[in-house]
Amino acid sequence: MHIHEDILDNLAPGVIAVDRGMKVNFFNQSAEKIFGLSRSVVLNRDAAEVFKGSRIAEVLVCALNEARLFTDYEDEVRTRFSVNLPVLITTSVIFDGNGAATGASALIKDISGIKSIEEGALRKQRLQYLGTFAANIAHEIRNPLSGIRGAAQLLKMKPANASLEQYADVIIGETDRLNGIVNEMLGFARPARLNLKEINIHKVLDAVLMLVSEGRTGHVFTREYDPSLPDILGDEGQLKQVFLNILRNSVESCGKNPKVRIITRMSSEFHVIEQGLSGAKMVAIEVIDNGCGIKKEDLEKVFTPFFTTKKKGSGLGLSISLKIVREHRGFLNIEAAPGRGTSVKICLPAAM
């Protein structure tokens, strides 16, 4: 390998080159990582076959045949593991010593990390605005709601007939339900007062699983715990609420034959840690179910307050869960596809 090829092979972005016949003749190490493909199975193959599912072959043809180049063109590439990875593509034409075009190249930058940060910042900004809005609405609703309930109770004490008493019960029941939603809205809007202690995450999970398992028959939950995990620093009550929301969602999405795995481990993934947690060790808790999954368009909205696909539900469960995890300086991520189940991963700082 010549020195210039060695330099290209070790560049951080992926580098792909094709000849006049659109056969791949260069595929560096970073390209191998991005696509999950070894150069031994890529070199000398047709680019359209190797890179199907993305526009890479198309933009290389544009560069080679039309001298039409792309700079930081945003697209998604399909990896070997069926993951759509966001990338930026920059193309160029390769010339020989006589100035004749002999091929084309593409520089591929993986921007999945940047996208994740941008989406997280946007979601945080949106949640802050919605939190303020929810607090204002909740306060406006609460006073008339109390008046309605009080009037219904008076009506029930001296009913003119049995049907009026029944109607009073309906009014009281519905006002209690609305009051519950208002309380959830206020819980979403207020900053949590965390009672932080060193806690064993497995004891928290077991307590929640006992609640979710109540009344269910059959083998629903599989615990895959790492017994060597350190304690985490958290608010036990708040974290129980988080896992109660997530596990109930998992079971409800599975239908008649729910199978849910709960996996705990130390997280070895890279995270952007804020607020002085740089280098902190993270404990990961993953909940994987065999349910109906989530549509791509819905996956983008699951943390939006009041968004729900359930017939009954306030749409605040996941929003509040995300808020609690963030207040613990942790991370919450959801991966799902229709008919392929859902994976919810939560990372929380270890107490050590």
Side-chain angles (χ1 to χ4, degrees), residues 120 123-135 138 179-214 221 223 225-226 229-252 260 262-267 271 273-277 280-287 302-308 313-334 342-352:
R123 186 182 296 139
K124 184 178 180 180
Q125 186 179 18
R126 188 185 301 127
L127 290 179
Q128 285 174 341
Y129 169 77
L130 287 171
T132 304
F133 176 76
N179 193 55
I181 294 173
V182 168
N183 286 333
E184 283 188 318
M185 290 168 68
L186 287 171
F188 170 72
R190 294 191 196 107
R193 294 180 180 177
L194 300 179
N195 180 22
L196 296 176
K197 295 179 180 178
E198 291 190 12
I199 55 176
N200 184 315
I201 194 62
H202 297 150
K203 290 183 179 180
V204 173
L205 291 168
D206 286 341
V208 173
L209 285 169
M210 188 181 298
L211 291 172
V212 181
S213 300
E214 190 174 351
F221 301 105
R223 296 169 172 86
Y225 293 169
D226 179 351
L229 285 186
D231 286 348
I232 64 166
L233 194 64
D235 184 307
E236 186 170 345
Q238 298 269 4
L239 290 176
K240 280 182 179 177
Q241 182 181 355
V242 170
F243 291 111
L244 193 60
N245 284 333
I246 289 167
L247 287 164
R248 279 179 174 166
N249 284 346
S250 290
V251 172
E252 288 170 6
V260 182
I262 301 96
I263 304 166
T264 65
R265 56 182 171 78
M266 290 301 294
S267 177
H271 295 287
I273 310 289
E274 298 178 355
Q275 301 175 15
L277 276 178
K281 292 184 178 180
M282 306 292 284
V283 171
I285 306 97
E286 192 166 6
V287 177
V302 292
F303 294 115
T304 302
F306 309 111
F307 173 79
T308 181
S314 65
L316 285 169
L318 280 176
S319 302
I320 292 172
S321 296
L322 175 63
K323 177 174 173 285
I324 292 171
V325 170
R326 281 185 178 278
E327 286 166 345
H328 280 78
R329 296 191 288 182
F331 305 88
L332 193 160
N333 182 57
I334 297 179
T342 301
S343 169
V344 181
K345 185 186 294 180
I346 292 175
C347 292
L348 297 165
M352 55 189 286

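Bear in mind the structure is a predicted one, so any value in this text is a computation, not a measurement. All values below were derived from every heavy atom in this structure, side-chain atoms included, with hydrogens, water molecules and symmetry-related copies excluded.
- Scanning both residues, F331 and V325, for their nearest heavy atoms gives N-CG1, 3.4 Å.
- In terms of heavy-atom proximity, L194 sits nearest to E327 at CD1-O, 3.4 Å.
- Across all non-hydrogen atoms, the minimal contact from S250 to V287 is OG-CG1, 3.5 Å.
- Between the CD1 atom in I285 and the OG atom in S267 there is a gap of 9.5 Å [rounded to 0.5 Å].
- Distance CG/N333 to CG/L322: 10.5 Å, rounded to 0.5 Å.
- Under the side-chain contact (heavy atoms from CB on, under 4.5 Å) criterion, D226 pairs with S228, L229, T264, sequence neighbours left out.
- For the pair N200/D231, a side-chain contact is recorded, criterion being any heavy-atom separation below 4.5 Å from C-beta on.
- When all heavy atoms of L233 and E198 are compared, the pair lying nearest together is CD1-N, 4.0 Å.
- The structure places CE of M282 at 10.0 Å from CD1 of I232, a figure rounded to the nearest 0.5 Å.
- Of the possible donor and acceptor atoms, one in the side chain of H328 sits under 3.5 Å from a partner among the backbone N and O of D235.
- When all heavy atoms of N245 and S321 are compared, the pair lying nearest together is ND2-OG, 3.1 Å.
- The salt bridge (Lys or Arg N to Asp or Glu O under 4.0 Å) analysis of residues 199-210, with sequence neighbours excluded, yields the pairs D206-R223.
- When side chains are defined from C-beta on, Y225 does not count as touching I201, because their heavy atoms never get closer than 4.5 Å.
- Under the rule for a side-chain contact (heavy atoms from CB on, under 4.5 Å), the partners of I334 that lie at least two apart in sequence or sit in another chain are I294, L299, V302, F303, L318, L332, T342, V344.
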For this session: List the steps, then state whether side-chain contact (heavy atoms from CB on, under 4.5 Å) holds for L209 with F243.
Result: CA-CA 9 Å; L209 285 169; F243 291 111; over 6 Å; no
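- The CD1 atom of I324 lies 13.5 Å from the NZ atom of K240; values are rounded to the nearest 0.5 Å.
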For this session: Given side-chain contact (heavy atoms from CB on, under 4.5 Å), test K197 with E236 step by step and report yes or no.
Result: CA-CA 8 Å; K197 295 179 180 178; E236 186 170 345; over 6 Å; no
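- To the nearest 0.5 Å, atoms CG (L239) and CD1 (I199) are separated by 5.0 Å.
- Scanning both residues, P230 and A350, for their nearest heavy atoms gives CG-CB, 3.8 Å.
- At a threshold of 4.5 Å between non-hydrogen side-chain atoms, the residues L247 and I262 count as touching.
- We find the CD-CD1 distance between E286 and I246 to be 11.0 Å, quoted to the nearest 0.5 Å.
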